[in-house]
Structure formats: C-alpha cells, structure tokens
Amino acid sequence: MSKARVVHYINQFYAGIGGEEKADTPPEKRDGTVGPGMAFQTALKDVADIVGTVICGDSYFNEHLEESSAKVLEYIKSYDPQIVIVGPGFNAGRYGMACGTVAQLVDENLHIPVVGGLYPENPGCEMYKRYGYFVEVGNSATSMRTAVPAMAAIVKKLAAGEEVTEGFMEKGLRKNYFAEKRGSRRAVDMLLKKIAGEEFVTEYPMPVFDRVDPQPAIKDITKARIALVSSGGPVPKGNPDHIESSSASKFGKYSLVDIDDFTPENGETAHGGYDPVYANLDLDRVLPVDVIKEMLKAGEIGSLHDYWYATVGNGTSVANAKAFATQIAEDLIADHVNGVILTST
Amino acid sequence: MRLELGDILIKDVQFGAKTEVKDGVLFVDKDALAKIAGDDERIKSVEVFLARPGESVRIIPVKDVVEPRVKVEGPGGLFPGFIAGVEQVGSGRTNVLKGAAVVTTGKIVGFQEGIIDMSGPGAQYTPFSKTCNVVVKVEPIDTLKQHEHEVVVRLAGFRAATYLGEAGRDVKPDAVRAFETKPLLEQAKQYPDLPKVVYAYMLQTQGLLHNTYFYGVDVRQIVPTFMYPTEVMDGAITSGNCVSACDKNPTYVHQNSPVIEDLYTEHGKTINFLGCVVTNENVTLADKERSSNMTAKLVEFLGADAAIISEEGFGNPDADLVMNCNKIEKKGIKTTLITDEYAGQDGGSQSLADSTPLGDACVTAGNANEVITLPVMKTVLGYPEVANVIAGGWDGSLAADGSITAEIQVITGATNELGFNYLTAKTI
C-alpha cells in the first residue's frame with residue numbers, strides 16, 4: 001500500500017519564524033515537515049508522509065482573509081494531498097480560527113478529510129469543528145505530547161481507508177442511518193423505559209433556547225436609571241480593546257461621562273457584519289447616546305449609568321454571548337440600573 | 001371493540017382474465033380495474049401497471065398508497081365517508097391482501113408528491129418497494145382545479161383498492177391477527193396494575209391540499225376526539241394531502257398504523273393501551289392552542305400515565321408537536337415523540353422549527369434534507385420530469401441520463417413520522 005500524502009498547516013510561531021511580532025507573515029509553503037510536523041511524521045511512521053507544510057502568520061491570515069485563504073488553499077492543493085492536518089491550535093484564538101478556516105476551505109474545495117486539534121473553548125472550535133476531525137487537546141502547547149498521538153491515530157485510520165467513529169469532537173452534524181427496529185417500535189421501547197424510570201437515550205436532543213420573559217414595564221421612566229448596551233460593535237475611536245469584527249471573544253466597557261454626541265472623531269464600529277460607513281460617520285445610529293443625553297437633561301429619564309457596554313454579535317457563539325451578558329448584568333445590577341436599551345444591528 | 005385482520009399473503013401480482021387470488025398470487029383484470037377506478041366523469045383516462053419488488057421500475061409522482069381489503073364480518077365498510085357509509089368501523093373481520101398495494105400516479109397535483117423505486121438505493125428508503133404494487137395512473141379532464149384533481153385521484157385509488165380487495169372475500173387468510181380495546185372503564189380494570197398509555201395521533205390539516213379525513217370529515221374541522229385503535233386499523237382515517245412525500249402518511253400507513261400495532265404488542269404485557277386521541281395541525285394560533293388544550297385534556301381525562309405523540313409533516317406542525325408535548329407533560333403524563341428532521345443537506349442546521357426541554361424522549365425518522373442519487377430505472381411509470389419541481393428536488397434534479405439527484409424528501413415514506421420506516425439520524 002502506498003503511503004497517504006499529508007499536508008500540514010501551522011502558524012508562524014510553530015514554524016519557528018517568530019511570535020506575535022511575526023504574526024503578519026504572509027502564507028508560504030515548504031516541502032516536508034516543519035516544527036511539530038516532525039513529531040507527526042514519527043507517529044505516522046510508514047503509513048503516511050507529510051509531503052509539505054503550509055505556514056501563515058495568525059494576524060495576516062485573519063486580516064487578509066480572502067487573499068490568505070486563496071493562497072493557503074493553492075499551496076495545499078499543489079501537494080495533491082489525501083489528508084490535511086491543521087495545528088494543533090490549542091487555545092490560541094486567532095490560530096484556532098485559522099485552523100478552522102483552513103479545514104472549511106479544504107472540506108468544501110478539495111473534499112478530503114482534515115484532522116485538527118483544538119481546546120474545546122477555542123472560538124474556532126464551535127465554528128469549524130464540523131469541517132474536520134478535531135481532537136480535543138489541552139489549552140497550551142505543553143499538551144503537544146498527547147495531542148500528536150491522538151491526531152495521528154485518526155490520520156492513520158483515514159490513511160487505511162477505515163471509518164473514523166471516535167477520538168474527535170462531535171461535528172454537530174445530523175447523519176441518517178437505518179435502525180434495526182422501525183420508528184414506532186423504538187418509540188414504544190423508549191416510552192416503556194421512561195415509564196419505568198429507566199435510563200433512555202433520545203434520538204434527537206432538542207436544542208434548549210434561553211427564552212427570556214419580558215419584564216414588566218417601568219412604571220415611571222422619569223425616575224428610572226437607564227443603561228446602554230449593544231452588540232452592534234459601537235466602540236471609542238481606534239477600538240482600544242481590539243474587539244474582533246467577528247466571533248467576538250470579549251466586550252468593552254466605556255465611559256459615557258464625557259460624550260454627549262458621537263462624531264467621526266470619537267466613535268466607530270468594530271462590527272464586521274455590515275457596511276460600517278454610516279455607523280462611523282455617526283455612531284449614534286448604533287448607540288443613541290445623543291438622544292439619551294438630551295432626555296437626561298430634559299428630565300425625561302431619571303439618570304444614566306456612567307458606562308456603555310459593547311461587543312460584536314457577528315458570528316459570536318451563544319456561549320460567549322451568554323458569558324458577556326452575565327458580567328454586564330452583574331455590573332448593571334450593582335449600579336441599580338432599572339432599564340437597558342439594548343441595540344443590535 | 002374487537003377487530004380481526006385476516007392476512008392473505010400476496011407474494012406476486014400478475015395480470016389475468018379475472019381478478020382473483022390464487023396460491024398467494026393476485027391476478028388483476030386490468031380492464032375491469034381501469035373501468036372501476038375511472039368511474040368518475042371528471043376522469044379522462046386510467047392506465048394500470050404492475051411494479052414488483054426488485055424490478056427496475058420507478059413510479060413518479062406518487063400520490064397515495066392504499067392497501068386492498070375487504071370487510072367480511074361486522075358493521076361498516078371500507079373507507080367510511082368515501083366508499084362505504086359512515087357506519088362505525090373497527091370491529092368484526094376484515095380480510096387484507098397483505099403484500100399488495102394500490103399506488104396512484106398521474107399528472108402532478110401539487111409540488112409535494114413522491115417517488116417509489118422498486119430496486120436500487122432508493123428502494124431501501126421506501127416501504128413500498130417491498131409491496132407488489134398495482135399502479136393506477138389517473139388523468140383528469142383538463143378543466144379541474146388542483147383540489148378537485150386531488151379528490152378525483154384519491155377516490156380512484158380507494159375504488160381500485162376496494163375492487164381488488166373483493167378478491168379476498170372468500171379466501172381463507174394465512175393468518176388472523178386480533179386486536180381488542182374495551183370500553184374505557186372496563187379496559188382500565190382489565191389490567192389495573194399496568195401503566196395506562198394513550199396515543200396522541202396528529203394529522204396533517206394545514207389546508208389547501210394538506211388535508212386528512214376521519215370518517216370522511218376533514219380533520220381540520222374537528223376538535224380532538226377519542227377513538228378505539230381498531231377504528232383506524234379498519235380504515236377510519238384516510239390521507240388527502242400533498243405534503244412532502246417523505247413524511248406524509250399515505251392511507252396505507254394509517255391502515256397499518258405502526259404505533260398502534262406496536263402498542264398492541266405490549267397491551268396486557270407491559271402496558272394497558274387505552275386508545276387514541278385524534279388531533280389536527282391547523283395553521284392559526286387559536287386552533288393550535290385549542291387543539292393542544294383539548295388533546296392534553298383528553299389524554300388526562302382518559303387516565304393516561306404516558307402517551308406517544310406522532311407528527312405529520314414538518315415546520316409549522318412542529319409547533320403543534322411541541323404544544324402537545326408541553327401540555328401533556330405538564331399534567332404529569334410522560335411522553336415520547338416521533339418526528340423527523342430538516343437539518344439541511346449537510347445536517348448542520350437546527351432540525352425542528354420549535355423545541356421544548358420537556359421533549360426529552362424523541363424518536364427521529366431521519367433528516368429529510370439528506371441528498372441521494374437515484375440511478376436510472378428501465379421503466380418509469382408516470383412523469384420523471386416532475387423530479388425538478390417536487391419538494392426535495394430542484395431544477396436539474398433529473399439528469400439527462402434519467403437519474404435523479406434530490407433530497408430523500410422526494411421518496412414516499414422515507415421519514416414517516418408514524419414510525420413506519422427504519423430510517424433515523426444521529427449526531428456525528
């Protein structure tokens with residue numbers, strides 16, 4: 001049996017080019033293994049050959065997404081691989097996103113399997129795990145020792161043409177198959193177990209939506225303390241916290257004390273999901289600071305919370321959004337806020 | 001109420017000079033069948049074909065599938081409200097040509113009719129590749145509106161099945177199956193220590209070619225009601241809908257209602273099967289609220305400890321399923337649901353249009369969006385070009401060579417939500 005041809009995608013750090021200061025390295029390719037590729041080659045022995053390594057700086061990849069995607073895909077394709085390994089990206093945010101994007105590119109364009117390794121909380125995981133076999137790895141490079149054999153085990157199975165059924169994180173895709181019993185019989189069996197209080201396994205775990213009951217209306221708005229919160233990305237000019245344009249990993253908290261009106265000089269949007277021109281000309285369009293300040297002065301609202309909170313909803317996972325909301329809500333409660341104007345895009 | 005089903009096992013179907021059953025072979029007098037099926041001034045022509053398991057035959061577009069039967073003892077007759085009068089069915093003896101089916105086809109009525117392949121990969125997805133099919137191709141006169149067209153074809157199928165079923169009137173069945181549910185208080189007393197189970201039977205009633213009939217009444221117009229399980233086994237419910245082929249219930253599936261059969265298997269052993277609540281899937285919120293309230297009330301009223309709830313169709317009816325589940329569970333009655341999924345062609349989307357944490361026991365009949373390629377068949381009965389317009393197909397589904405690439409949604413019975421089929425889905 002001939003050896004399977006494998007291409008490995010890594011970032012500038014693992015290629016030994018440099019750290020954050022070299023994160024703007026554009027895509028390149030090198031024949032054979034680079035960095036962690038050697039450990040993979042050792043684990044894969046005579047089953048598969050890493051014929052080439054494609055490298056890209058994390059910042060470069062994410063900031064020149066279209067160009068770097070095309071280039072990386074072209075480099076991968078040039079080696080005519082049967083399998084692609086990405087990372088492992090551990091819990092590195094931008095590296096994880098790059099690994100995931102490469103997995104999607106390969107899956108959708110080359111239709112060959114991808115094997116990766118990500119820490120479950122890496123934002124790239126939730127978004128991209130469906131595009132490949134992503135092994136659950138630790139949150140830093142110290143777990144490389146366990147990550148390599150786990151990923152290599154899947155590559156070996158793929159190289160042998162075997163079905164891969166375990167050892168990776170669920171892709172979250174629904175796949176049909178024929179059961180041994182017909183549906184009605186399975187329903188009766190499940191009901192019998194449920195009646196008996198025995199353990200049963202549902203065939204379709206229903207998604208749980210976090211439904212929020214509308215709160216009663218504020219009785220006297222002229223006495224109420226109001227706050228502004230937005231997922232439309234309204235941030236001070238320059239985006240001081242570097243909130244991501246998509247799949248935000250954080251939110252910002254900014255003082256409203258010295259701003260009565262947004263101008264092109266004091267505010268902008270960090271959101272990558274809509275045309276920013278009109279938001280950047282007048283950010284009040286996303287967060288109505290001008291109007292709320294006028295209403296405050298006119299006594300139409302009681303008082304204003306001193307800060308606004310901003311994040312980007314674009315592609316942001318429910319898990320992240322929930323975590324932000326929890327922290328923001330604690331802040332608001334501590335300041336006795338009665339009502340929130342929550343804007344999106 | 002006690003019903004006996006006398007199964008006359010049909011191994012083959014052939015054309016013959018006389019319609020009769022001989023040694024497990026159903027012989028069909030083609031001309032006589034065409035004449036009876038076509039006995040409606042709104043019908044222009046009827047042709048009859050045969051399609052047997054394993055043959056290289058495709059039937060498209062499939063409208064309904066009906067099992068040929070004959071009532072040999074007891075009150076009532078076949079398809080009450082349509083062929084027979086509205087006398088109560090569900091008792092006595094009905095003989096069944098088990099293994100035979102009438103499949104209606106012809107010019108398309110709506111967008112949601114199906115495909116049956118008798119061999120190849122598509123055959124595994126449809127229960128009707130295993131039956132010996134008498135295919136009745138009905139063409140109506142040109143001036144009919146769509147809903148009239150649907151009625152005409154539906155009735156032609158019932159007449160055909162009734163005519164063929166007559167051939168079993170004097171044939172000794174190979175096996176007789178008996179089912180009995182007593183009046184409620186007696187039934188409760190018969191197995192006092194077993195958990196009491198009710199079947200909440202949801203029927204497609206969104207209107208406009210989305211109808212189902214109970215003793216000839218459009219179920220959209222009923223408030224949920226109670227029925228003996230044997231009534232449906234004896235033809236009380238008939239299909240009248242053109243929803244997606246994969247998860248609409250052909251009349252055949254109601255006649256052989258699988259949850260009822262499987263609950264009867266456990267009746268007196270592990271459960272006490274009290275009966276069925278028939279309910280609808282109407283489109284307005286008030287109707288949904290009223291029907292789910294009534295359904296939950298009836299299930300409780302009957303004294304159920306547990307219930308199976310099955311859906312028909314998808315999307316809008318998901319809301320009815322969830323309402324029924326929530327309201328029944330909140331009465332302390334345990335539920336198991338049967339549905340199917342529309343998770344996108346890649347399986348990555350949310351499967352249902354509504355959801356409830358109380359729906360923790362759910363059987364899925366599979367993802368209807370999964371794509372399949374159906375290879376060329378030697379014979380196509382009907383109109384293969386409708387593959388490009390039926391639900392689950394797209395412009396270009398029918399390739400130049402005659403193969404069809406489409407979602408399994410196009411296959412009759414593929415993801416049947418009464419649990420008639422074996423397909424299911426898992427998360428990978």
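The sequence lines fix the lettering, A, B, ..., with proteins before strands; numbering per chain opens at 1.
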**OP:** Could you walk me through whether A:Y204 and B:L352 pass side chain to side chain contact (heavy atoms under 4.5 Å, CB included), step by step?
**Re:** CA-CA 10 Å; A:Y204 176 63; B:L352 296 179; 3.7 Å; yes
Original post:
Relative to chain B, which segment of A:K181 carries a heavy atom at a distance below 4.5 Å: side chain, backbone, both, or neither?
Top reply: backbone
Subject >> Heavy-atom closest contact (B:S355 atom, A:M206 atom, distance) >> reply: OG-CB, 3.6 Å
Subject >> Electrostatic pair A:R185:B:E266 at N-O distance under 4.0 angstrom >> reply: yes
Original post:
So, the side chain of B:E370 versus the backbone of A:N176: is there a donor-acceptor pair under 3.5 Å, distance only?
Top reply: yes
Original post:
Within the distance-only criterion (no hydrogens, no angle test), does the side chain of A:K194 pair as donor or acceptor with the backbone N or O of B:T335 below 3.5 angstrom?
Top reply: yes
Original post:
Which atoms form the tightest heavy-atom contact between B:D262 and A:S184, and what is the distance?
Top reply: OD2-OG, 2.5 Å
**OP:** Flag the one option from B:A306, B:A343, B:S351 with the top tally of heavy-atom pairs under 4.5 Å to chain A.
**Re:** B:S351
Original post:
Under the 3.5 angstrom rule, does the side chain of A:E203 hit a backbone N or O of B:T364 as a donor-acceptor pair?
Top reply: yes
**OP:** Could you pull out the closest heavy-atom pair between A:R174 and B:A425, with the gap in Å?
**Re:** NH2-O, 3.4 Å
**OP:** Under 4.5 Å heavy-atom distance to chain A, tell me which part of B:I408 shows up: side chain, backbone, both or neither.
**Re:** side chain
**OP:** Run the numbers on A:R182 and B:E261 for salt bridge (Lys or Arg N to Asp or Glu O under 4.0 Å), then give the verdict.
**Re:** CA-CA 12 Å; A:R182 66 181 184 176; B:E261 283 187 5; 3.2 Å; yes
Original post:
Does the side chain of B:D305 reach to within under 4.5 Å of the side chain of A:I195, using non-hydrogen atoms?
Top reply: no
**OP:** Output the option from A:P205, A:A196, A:A187 having the highest count of non-hydrogen pairs under 4.5 Å with chain B.
**Re:** A:A187
Original post:
Is it the backbone or the side chain of A:L192 that comes under 4.5 Å from a heavy atom of chain B, or both, or neither?
Top reply: side chain
Original post:
Which answer fits B:I309, side chain, backbone, both or neither, if we ask what part of it has an atom under 4.5 Å from a heavy atom of chain A?
Top reply: neither
Subject >> Residue part contacting chain A, namely of B:I338, when any heavy atom lies under 4.5 Å >> reply: side chain
**OP:** Could you tell me whether A:E198 atom CD has more than 12 heavy atoms of other residues or ligands within 6.0 Å of it?
**Re:** yes
**OP:** Hey, could you give me the CD/NZ distance between A:E170 and B:K426, rounded to the nearest 0.5 Å?
**Re:** 11.0 Å
**OP:** Check whether B:T339 gets within reach of chain A through its side chain, its backbone, both or neither, counting any heavy atom under 4.5 Å.
**Re:** neither
Original post:
More than 12 non-hydrogen atoms from neighbouring residues, nucleotides or ligands closer than 6.0 Å to CD on A:Q104, yes or no?
Top reply: yes
Subject >> Spatial distance of atom CD1 (B:I428) from atom CZ (A:F168) [nearest 0.5 Å] >> reply: 6.5 Å
Original post:
Given a strict heavy-atom distance threshold of 4.5 Å, which part of B:N367 is in contact with chain A: side chain, backbone, both, or neither?
Top reply: both
Subject >> CZ-OG1 distance between A:F178 and B:T424, expressed to the nearest 0.5 angstrom >> reply: 10.5 Å
Subject >> Interface moiety of B:Q124 toward chain A, non-hydrogen atoms closer than 4.5 Å >> reply: both
Original post:
Between A:R186 and B:Y422, what is the shortest heavy-atom contact and its length?
Top reply: NH1-O, 3.8 Å
Original post:
Can you tell me if B:D360 and A:T202 form a side-chain donor-acceptor pair at under 3.5 Å?
Top reply: no
Subject >> Which portion of B:P195 sits near chain A, non-hydrogen atoms under 4.5 angstrom >> reply: side chain
**OP:** Tell me, for A:F200 versus chain B, whether the close heavy atoms (under 4.5 Å) come from the side chain, the backbone, both or neither.
**Re:** side chain
**OP:** Check each atom of B:A361 against the heavy atoms of chain A and say whether the ones under 4.5 Å are side chain, backbone, both or neither.
**Re:** both
Subject >> Heavy atoms from other residues, nucleotides or ligands near CD of A:E66 exceed 12 (cutoff 6.0 Å) >> reply: no
**OP:** Can you tell which part of B:L423 gets under 4.5 Å to a heavy atom of chain A, answering side chain, backbone, both or neither?
**Re:** both
